[in-house]
Amino acid sequence: MSALTILRTYAQKADPASIPSSVLFEHTAKSITIIDAYPKSRFHFLILPRASAYPPLTVSNLANLRSLLKCDKDRAKEVLTDLSEDAKRIRTCIEEEMVKRFGFKWAIWTGFHSVPSMEHLHLHVISADLCSPSMKVKKHYNSFHPKLGFFLSLDDVLSWFDATPSYFQTVSQLKKTEYEPYLKEDLSCFHCSESFKNMPKLKEHLQEEWNKMSKREKSKLERKRKRETEENENTNSNAENDPVPPLKKPEQEEDLSTK
DNA sequence: GTTCTAGAAC
DNA sequence: GTTCTAGAAC
């Protein structure tokens, strides 16, 4: 089967449960969520609108964002808002898993590639780390870089529907010539903008950025936990006494939070 | 995505 | 001289 149309065959399944469990994450009447076969971050899912869920839209209307945005505006918006709801649920699952596996939560991006590499509309739900063995070449990295322009956040796309009709017209063309050059831009860290000469150097740096984030977030959680314990002890020990003054933040805490 | 090759890095 | 990497070709 062609790699380019694999998503379409999933989206056309009458019974999504027949999709291998190593691929399928979950499905609803309207969508199918799969685990990306080549994850570009620690968590990377794709949400596909099911081919028969949006009559009279056809599988060719659902080929990509461009083809969808050419359809009746209300119908297109319905597909996207449904995907948005699904994404919200998936993000919650990812966050739970982040806490279970890594002990803290970090950002999750939800959006489309402006120029997709596979047939059938697919919404990326991807953790904001871009650390993965499958992240190999510049094109991979730049296609998810949140500040570059190639990656279109779903919220941005939804905001196009509230813009002027002429803006919607223009932006919904998603011209390849406009977006493809982003993929060739120099490698720069999405956290700190530092630039890198090659992928191995960038990947090493992204891992360091993630380690820093992990430390920062975990100590934040630790301070929160301590504070809550203290507050509880305080409440209990003073339960029979008169009103207690609010707890003051220790000096040390102020310092750490600014770092 | 994988394979091949030129050129950079070491 | 050998290894590594980016980019082109498929």
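Below, chains carry the letters A, B, ... as their sequence lines are ordered, and counting in each starts from 1. None of the values given here were measured: they were computed from a predicted structure.
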Taking ring pair (Phe, Tyr, Trp, His ring centres under 6.0 Å) as the test, write out the residues that go with Phe150(A), two or more places apart.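 Partners of Phe150(A) under the ring pair (Phe, Tyr, Trp, His ring centres under 6.0 Å) test: His113(A).
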Side-chain donor-acceptor pair under 3.5 Å between [X] and [Y], yes or no?
X	Y	result
Glu228(A)	Asn232(A)	no
Thr58(A)	Asn61(A)	yes
Asp155(A)	Ser153(A)	no

Just call it for Lys40(A): base, sugar-phosphate, or nothing, with non-hydrogen atoms closer than 4.0 Å on any strand.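 Sugar-phosphate contact only.
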Dump every N/O contact between nucleotides 3-10 of chain C and the protein below 3.5 Å, one line per pair.
{"residue": "dA6(C)", "atom": "OP1", "partner": "Met199(A)", "partner atom": "N", "Å": "2.6"}

What's the separation between atom CD1 in Ile32(A) and atom NE2 in His122(A), rounded to the nearest 0.5 Å?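 Ile32(A) CD1 to His122(A) NE2: 14.0 Å, rounded to 0.5 Å.
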